[in-house]
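All of these numbers come straight from a predicted model, not from anything done at the bench. We count residues from 1, following the sequence as given.
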Amino acid sequence: MYSKKEVVETLIQKRNFPPIKKRPIILIGLVLIVVVVLLNNLWQYKDLTEKSSIERGDATETDYLGFQGNLLKYSRDGAFFTKYNGELIWNYTYEMADPQIDVCGNYILIYDRKGTQIAILTNTGFKQSFKTSMPIVDANIASQGTVAVLMQEEDTGYVQLFNDKGEVLASGELHMENNGYPLSLDISQSGEKMVVSQLDLNGGDIKTTIAFYNFGKEGKDKIDNIVANYSFSNQIFPQIEFLENGKVVAFGDKEIVIFEDNAKASISKEIFVDGQIKSVFCNGKYFGIICDVTDDEGKLIHQMNVYSGNGFPRCERKVSGTYSKAEMLSNNEVYLSDGETVSIYTLYGIKKFAYTFDTGIYKIIPGDSAKRYYLVLDNRIADVRIK
């Protein structure tokens with residue numbers, strides 16, 4: 001005959017429940033995790049400590065990007081991939097008037113906007129370079145190296161897909177009298193889908209057309225591989241992005257539209273904005289805007305709204321002061337700067353950190369902890385801890 005205690009212990013073991021004595025330990029662990037998460041998102045910091053720094057020896061127009069735990073910097077003359085202590089991993093030289101960058105997976109794409117030069121690199125160095133037949137409007141790269149390029153010359157737009165060897169995979173024309181002026185494009189991480197935004201001024205009315213391409217089986221039998229086409233009157237959508245969940249977000253001047261990850265790219269959600277959208281930021285997982293709205297007292301204010309990849313609001317708050325840069329960081333924080341004063345906000349809208357530097361600041365890159373950041377300043381790159 002089993003005792004009650006033996007019966008209970010047997011049932012616990014069969015159902016894979018943790019032993020009764022271990023439950024308080026597990027609960028304490030869960031509470032500690034929740035506390036740490038809340039502290040990271042709600043705690044406010046007002047100062048910093050500089051642990052180390054290296055001098056900048058590059059040109060003032062050099063741009064910086066955190067990439068796979070290291071630092072990628074690029075300018076008109078070339079790109080350098082280094083460790084944060086300055087140790088060189090690789091470098092690649094080129095000449096571009098207006099270099100732009102896109103990264104996905106292990107791939108890096110650098111292209112000359114309004115020029116014709118494209119360079120494909122990886123975390124290990126140079127992969128391929130080639131030239132396009134028309135000036136480039138926009139370009140993006142997928143995780144396996146497929147490159148989508150949007151070009152325009154006089155009254156003709158052109159879309160081309162290349163592999164990482166520079167070979168053409170697909171192409172098509174965009175005639176302005178039919179489709180309008182090309183604004184932006186993006187390619188999915190798989191390289192199978194593409195979306196293009198075009199401005200149509202025919203008939204005297206402003207209209208934006210957003211076309212969805214599928215180069216897999218779903219678009220095989222479609223004309224020009226187009227599986228969906230949407231038109232929005234009296235609006236301009238200059239920026240479109242594929243999100244990590246496969247959906248597409250399109251940013252207009254008064255509206256944000258989210259499209260589903262399905263065969264018809266159906267509209268999932270429309271977010272209408274009070275006021276004018278001034279800034280847009282997105283890191284693939286979350287996105288946000290800053291717009292000018294009128295408050296209850298009739299004053300014009302900056303308002304920041306942050307959303308999840310499904311379009312659900314994460315925060316809405318007033319943003320004081322002026323700024324020239326708004327960016328969603330890789331750690332899902334929002335970074336605002338006017339060139340000297342910096343503010344960092346969490347997804348909850350809490351101002352995590354605010355600081356005014358005695359020199360210009362160009363970039364903030366999150367480190368490996370909630371308090372660690374790398375700062376690209378006028379004269380140095382600093383490894384700091386906020387406090």
Ile258 side chain reached by Phe287 side chain, heavy atoms, under 4.5 Å: yes
Can a salt bridge be assigned to the pair [X] and [Y] using a cut-off of 4.0 Å between side-chain N and carboxylate O?
X	Y	value
Lys363	Glu327	yes
Arg76	Glu95	no
Asp205	Lys207	no
Glu241	Lys247	no
Lys73	Asp58	yes
Asp378	Arg380	no
Lys165	Glu167	no
Lys193	Asp261	yes

Heavy-atom donor-acceptor pair, Lys269 side chain to Gly311 backbone, under 3.5 Å: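 Yes, because the side chain of Lys269 sits within donor-acceptor range (under 3.5 Å) of the backbone of Gly311.
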Quick check, are the ring centers of [X] and [Y] under 6.0 angstrom apart?
X	Y	value
Phe353	Tyr45	no
Phe259	Phe212	yes
Phe237	Phe251	no
Tyr286	Tyr307	no

